[in-house]
Amino acid sequence: MTVSTFVLPDSLSAHEPPEARGVARDAVRLLVSDAESDSHRTFADLPSLLSPGDLIVVNNSATLPAAVRLDKLSVHFSTAREDGTWLVELRRPTLEPYAGGAEGEWLPLPGGATLRLLSRETPRLWRASLDRDVESYLMRYGVPIRYPYVDRDWPLADYQTVFATVRGSAEMPSAGRPFTPSLVTELVSRGIRIAPITLHTGVASPEKDEPPYAERFAVPEATARLVNLTRSEGGRVVASGTTVVRALETAVDAEGQVRAASGWTTHIVTPALGVKAVTGIITGLHEPRSSHLMMLTAIAGERTVARSYEAALREGYLWHEFGDSHLLVSNIR
């Protein structure tokens with residue numbers, strides 16, 4: 001098997017939050033992989049797998065209820081643009097992609113709102129304008145985005161992480177979901193540092209192999225200093241999620257120093273570019289041919305990623321935002 005061509009059976013898609021399966025957030029399975037081997041733990045074991053002086057960088061973006069349902073369509077609000085327009089995706093009531101729409105078309109939304117399609121940004125995303133403030137509108141009329149593998153709506157709280165403080169993501173930064181207040185307390189009490197970045201996620205594309213597009217991000221000065229200090233002291237910098245890797249690798253300079261930065265990132269992490277800021281990642285399990293797999297390969301190498309995905313498939317790990325977790329890092333204890 002190559003990491004880009006495996007087949008994901010439907011039985012390994014997580015169809016509901018782990019709590020609905022009787023599993024606590026921090027009790028999801030954790031596949032632990034380094035260059036030599038894979039082991040099978042639970043997420044609550046994370047403090048014992050890291051060391052004092054290591055740093056976990058988390059995404060503090062909070063999830064918006066970014067889907068607005070109509071009779072014949074759903075509108076998924078993805079990304080706010082600097083000029084006040086938004087990127088949106090149109091989906092059918094079945095949650096499958098909808099290829100229609102036309103420039104200049106007006107869509108009536110609940111509450112008397114009107115959305116105007118301005119121009120195609122990508123083959124599936126429109127640049128659009130709502131006739132009122134989008135975030136406040138979504139908080140009243142929106143529901144969390146979901147895809148066909150999740151068979152019912154779940155409350156917005158199920159799509160928030162313990163770190164969520166800055167509203168703006170179309171979809172949950174799901175790598176942070178298994179963290180709980182008690183687990184964070186244990187990590188900190190063991191001398192494992194935690195620092196935030198912000199990256200507001202856009203809509204995913206589970207049906208297509210597409211590169212990520214521009215997303216808003218901010219790396220604070222304090223986080224940049226902690227990353228550099230951790231690396232200089234020989235500690236590991238573990239990103240909680242691909243969003244964190246993208247933000248930090250956008251903010252790193254040619255000498256490998258992370259600088260405070262904010263704005264829009266179009267950076268795509270590939271094996272050819274490699275990584276300079278992070279030495280490991282906590283993440284979910286990703287679809288075949290996804291650009292996230294290129295990122296994992298850049299961090300851990302193709303052999304390690306391919307071997308670990310073979311183990312995940314063999315052992316029945318669950319995929320997607322409500323699924324299990326994967327820790328890829330050097331020198332697992």
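Basis for what follows: all heavy atoms, side chains included, without hydrogens, waters or symmetry-related copies.
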[X] with [Y]: basic N within carboxylate O range, under 4.0 Å:
| X | Y | answer |
| --- | --- | --- |
| Glu105 | Arg116 | no |
| Glu221 | Arg225 | yes |
| Asp153 | Arg69 | yes |
| Glu233 | Arg193 | yes |
| Asp324 | Arg41 | no |
| Glu249 | Lys276 | no |

Quick one: do [X] and [Y] end up in the same hydrophobic cluster if we chain Ile, Leu, Val, Met, Phe, Trp and Tyr together by side-chain heavy atoms under 4.5 Å apart?
| X | Y | result |
| --- | --- | --- |
| Val329 | Ile194 | yes |
| Tyr141 | Met139 | yes |
| Leu187 | Val28 | yes |
| Val68 | Leu117 | yes |
| Leu73 | Val88 | yes |

- Item | Worked check of side-chain contact (heavy atoms from CB on, under 4.5 Å) between Leu90 and Trp126 | CA-CA 8 Å; Leu90 304 181; Trp126 286 91; 4.1 Å; yes
- Nearest heavy atoms of Thr223 and Pro196, plus distance in Å: OG1-O, 2.6 Å
- Query: Which atom pair, heavy atoms only, marks the closest approach of Arg231 to Ala277?
  - Reply: NH1-O, 3.1 Å
Using atom types as modelled and distance alone, determine if a side-chain donor or acceptor of [X] lies under 3.5 Å from a backbone N or O of [Y].
| X | Y | answer |
| --- | --- | --- |
| Glu215 | Gly202 | yes |
| Asp38 | Asp34 | no |
| Asn60 | Val166 | no |
| Thr297 | Leu293 | yes |
| His76 | Ala67 | no |
| Arg259 | Ala224 | no |
| Glu315 | Ala312 | no |
| Thr304 | Gly301 | no |
| Ser169 | Thr201 | yes |
| Arg81 | Leu87 | no |

Decide yes or no for [X] and [Y]: does some side-chain heavy atom of the first lie under 4.5 Å from some side-chain heavy atom of the second?
| X | Y | answer |
| --- | --- | --- |
| His267 | Leu273 | yes |
| Thr180 | Val162 | no |
| Phe77 | Glu89 | no |
| Leu109 | Leu130 | yes |
| Ile56 | Ile192 | yes |
| Val134 | Leu138 | yes |
| Val150 | Ser13 | no |

- Task: Check the pair Leu31, Ser308 against side-chain contact (heavy atoms from CB on, under 4.5 Å), reporting the backbone distance first and the verdict last.
- Result: CA-CA 8 Å; Leu31 176 61; Ser308 66; 4.2 Å; yes
- So, Phe217 versus His200, ring centres under 6.0 angstrom or not? no
- Task: Decide side chain to side chain donor-acceptor pair (under 3.5 Å) for Tyr147 and Glu321; before the verdict, give the C-alpha distance in whole Å, the side-chain angles of both, and the deciding distance to 0.1 Å.
- Result: CA-CA 10 Å; Tyr147 295 104; Glu321 66 268 28; over 6 Å; no
- Query: So Trp319 and Phe6, would you call those rings parallel, tilted or perpendicular, with 30° and 60° as cut-offs?
  - Reply: tilted
- Query: Should Tyr149 and Glu16 be marked as a side chain to side chain donor-acceptor pair (under 3.5 Å) after you check the CA-CA gap, both sets of side-chain angles, and the distance that decides it?
  - Reply: CA-CA 9 Å; Tyr149 55 81; Glu16 68 277 304; over 6 Å; no
- Item | Verdict with reasoning, Arg146 to Asp151, per side-chain contact (heavy atoms from CB on, under 4.5 Å) | CA-CA 9 Å; Arg146 65 178 175 91; Asp151 54 13; 5.6 Å; no
[X] [atom1] to [Y] [atom2] distance, which is reported to the nearest 0.5 Å:
| X | Y | atom1 | atom2 | value |
| --- | --- | --- | --- | --- |
| Asp54 | Arg236 | CG | CZ | 4.0 Å |
| Leu199 | Asn59 | CG | CG | 6.0 Å |
| Ser232 | Gln257 | OG | CD | 8.0 Å |
| Leu30 | His326 | CG | NE2 | 8.0 Å |
| Ile281 | Ile299 | CD1 | CD1 | 4.5 Å |
| Leu49 | Phe43 | CG | CZ | 10.0 Å |

- Query: When you look at CZ of Arg152, are more than 12 heavy atoms from neighbouring residues, nucleotides or ligands closer to it than 6.0 Å?
  - Reply: yes
- Query: Is Arg29 close enough and on-axis enough to Tyr317, meaning under 6.0 Å and within 45°, for cation-pi?
  - Reply: yes
- Item | side chain to side chain donor-acceptor pair (under 3.5 Å) between Ser136 and Asp133, worked out | CA-CA 6 Å; Ser136 59; Asp133 178 72; 2.8 Å; yes
- Please report the C-alpha distance between Val227 and Val278 in whole Å, then the side-chain angles of each, then the deciding distance to 0.1 Å, and finally whether the side-chain contact (heavy atoms from CB on, under 4.5 Å) criterion is met. CA-CA 8 Å; Val227 171; Val278 305; over 6 Å; no
- Message: According to ring pair (Phe, Tyr, Trp, His ring centres under 6.0 Å), who are the partners of Phe163, at least two apart in sequence or on a separate chain?
- Response: Phe179
- Task: Go through the structure and list residues passing ring pair (Phe, Tyr, Trp, His ring centres under 6.0 Å) with His292, not counting sequence neighbours.
- Result: His286
- Task: Just do the side chain to side chain donor-acceptor pair (under 3.5 Å) check on Tyr98 and Ser74 with the steps written out, would you?
- Result: CA-CA 9 Å; Tyr98 174 70; Ser74 286; over 6 Å; no
- Task: Could you give me the CA-CA distance, side-chain angles and deciding distance for Arg91 and Glu96, then say whether salt bridge (Lys or Arg N to Asp or Glu O under 4.0 Å) is met?
- Result: CA-CA 6 Å; Arg91 291 204 166 228; Glu96 302 293 338; 5.5 Å; no
- Looking at residues at least two apart in the chain, or sitting in another chain, which of them share a side chain to side chain contact (heavy atoms under 4.5 Å, CB included) with Pro17? Glu19, Ala20, Trp154, Asp158, Arg177, Phe322
